[in-house]
Amino acid sequence: MNINATLIGQAITFAILVWFTMKFVWPPLMAAMEERAKRIADGLAQAERGKHELELAHKRASEVLHEAKSKASEIIAQSEKRASQVVEESKGAAKEEGERIIAAAQAEIQQEVYRAKEALRQQVADLAVAGAEKILRREIDAKAHADLLETIKAEL
Amino acid sequence: MSQNAAHEQGPSAYITHHLTNLQGGEGFWTFNIDTLFFSAVLGLIVFGTFWLAARKANAGVPGGLQNFVEMVVEMVDNQVKDSFHGKSVLIAPLALTIFVWVFVMNAMDMLPVDLLPSVAAAMGVPYLKAVPTTDLNLTFGMSLSVFFLIYFFSIKIKGIKGFAHEVMFAPFGKYLIPVNIMFRIIEDIAKPISLALRLFGNMYAGEMVFILIALLPWYMQWLLGAPWAIFHILIITLQAFVFMMLTIVYLSMAHESH
């Protein structure tokens, strides 16, 4: 129970233990704990940011979807309009074409008729000349009456 | 075992035997070998363990040992942060050392009172006090170290003049300088003595009660032994905590000027 030199020994042991703790135990543990606390805080902040970003992305996605929908309906309307326009245009073109074909055919018919008439006229003239020749062979000299014949031919 | 020991020696001889240190040396230069041995071995074991944990400490998910050590360190760190507002690399590790070391030394009380003395007796060692904190030399060794630190920091932070000023003019002002100095002396002497005697008294009394319980017949011992041991777990922790807390408070007082 008396105080003796053990006190000094204990004080030295105590000092050594305090020094050891100060040097080798406390700093690495504190460093690790602070590092972990920082990491956790960072992680939480990141999670929060991620959540926020997700929300934004959701919002953007719905916006884009909405836009796409409206664009699609616009395109559909436009294409419907264009289709009817095309139909209308082709109808007009067909009509025009038909009219053109008809006109061409009529012109051809006209020409054909004209040609036939010409041919008929020629043939009638030839026939008349041949008939007249036959009648007049004996009395008409072709050379002498060439003027007359030409006139008749022109009249025909 | 205690039965035999008690019956062989008689109760008072048994108690005296249990309260005698294993000593070596003469006069003041006597060493309580058991106190020195157990405190050093316990210090080595527990701070070696802490060192192992600290060496492998990383910021990832802590394993069992690291988790436990960090729990203790964090508790101490919180206490230091609550009461001490300066910056010091010493105080927190000092508080950790005090708490952990005093705790394990107190915890020796939980071993059966006859276990280590019997083992020692079998090895030819006549006396053995297994709980180092029941030795005044240890408690005073620590409290005087703390006392020295209080003065060291007082003078380091405030300077000789500031410290002298504080001694003379606090708490009653300049007209009562002698009273102030008297008060200061009493206060400063009371600090290490109360620190040392509180721990010593609690642990010595606890040990004493365990020894008295060991004198009972073996079939009666559990009746008192179990409640006392359970209660003593509280005292062990509380005394370690109180010693640490008061050290922090004294040192933070040394850092602040009045």
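Heavy atoms only: backbone and side chains are in, while hydrogens, waters and symmetry mates are out. In what follows, chains are A, B, ... by sequence order, proteins preceding strands, each numbered from 1.
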- prompt: Is chain A contacted by the side chain of B:W101, its backbone, both, or neither, given a heavy-atom distance below 4.5 Å?
  reply: side chain
message: What part of B:Q66 gets within 4.5 angstrom of chain A, counting heavy atoms only: side chain, backbone, both, or neither?
response: side chain
field: Greatest number of heavy atom pairs closer than 4.5 Å to chain A - which of B:L36, B:T20, B:L94
entry: B:L36
message: Checking the side chain of B:D77 only, and the main-chain atoms of B:V73 only, is there a donor and an acceptor separated by less than 3.5 Å?
response: no
message: Closer than 3.5 angstrom, by distance alone: can the side chain of A:S84 be matched with the main-chain N or O of A:K81 as a donor-acceptor pair?
response: yes
- request: Please indicate whether B:F68 has more than 12 foreign heavy atoms, meaning atoms of other residues, nucleotides or ligands, lying under 6.0 Å from its CZ.
  value: no
task: Quickly, which of B:M108, B:M208, B:K129 forms a side-chain contact (heavy atoms from CB on, under 4.5 Å) with B:T134? Name it, please.
output: B:K129
- request: Please list, in residue-number order, every residue in residues 17-33 of chain A that has a heavy atom less than 4.5 Å from any heavy atom of chain B; write 'none' if there are none.
  value: A:L17, A:V18, A:F20, A:T21, A:M22, A:F24, A:V25, A:W26, A:P28, A:L29, A:M30, A:A32, A:M33
- prompt: Do side-chain atoms of A:R36 reach the backbone of B:G60 as a donor and acceptor pair under 3.5 angstrom?
  reply: yes
query: For B:D135 and B:Y204, does a side-chain donor sit closer than 3.5 Å to a side-chain acceptor?
result: no
- prompt: Taking the six-membered ring for Trp, are B:H232 and B:F210 ring centroids under 6.0 Å apart?
  reply: yes
message: Tell me if a side-chain donor or acceptor on B:N21 pairs with a main-chain N or O of B:N32 at a distance below 3.5 Å.
response: no
Chain A contact via B:I33 - which portion, at a heavy-atom distance below 4.5 Å: neither
- prompt: What residue in B:S143, B:G27, B:A92 has the most heavy-atom pairs under 4.5 Å with chain A?
  reply: B:A92
query: Which answer fits A:I12, side chain, backbone, both or neither, if we ask what part of it has an atom under 4.5 Å from a heavy atom of chain B?
result: neither
- prompt: Taking atom types as modelled and ignoring hydrogens, do the side chains of A:Q10 and B:T35 form a donor-acceptor contact shorter than 3.5 angstrom?
  reply: no
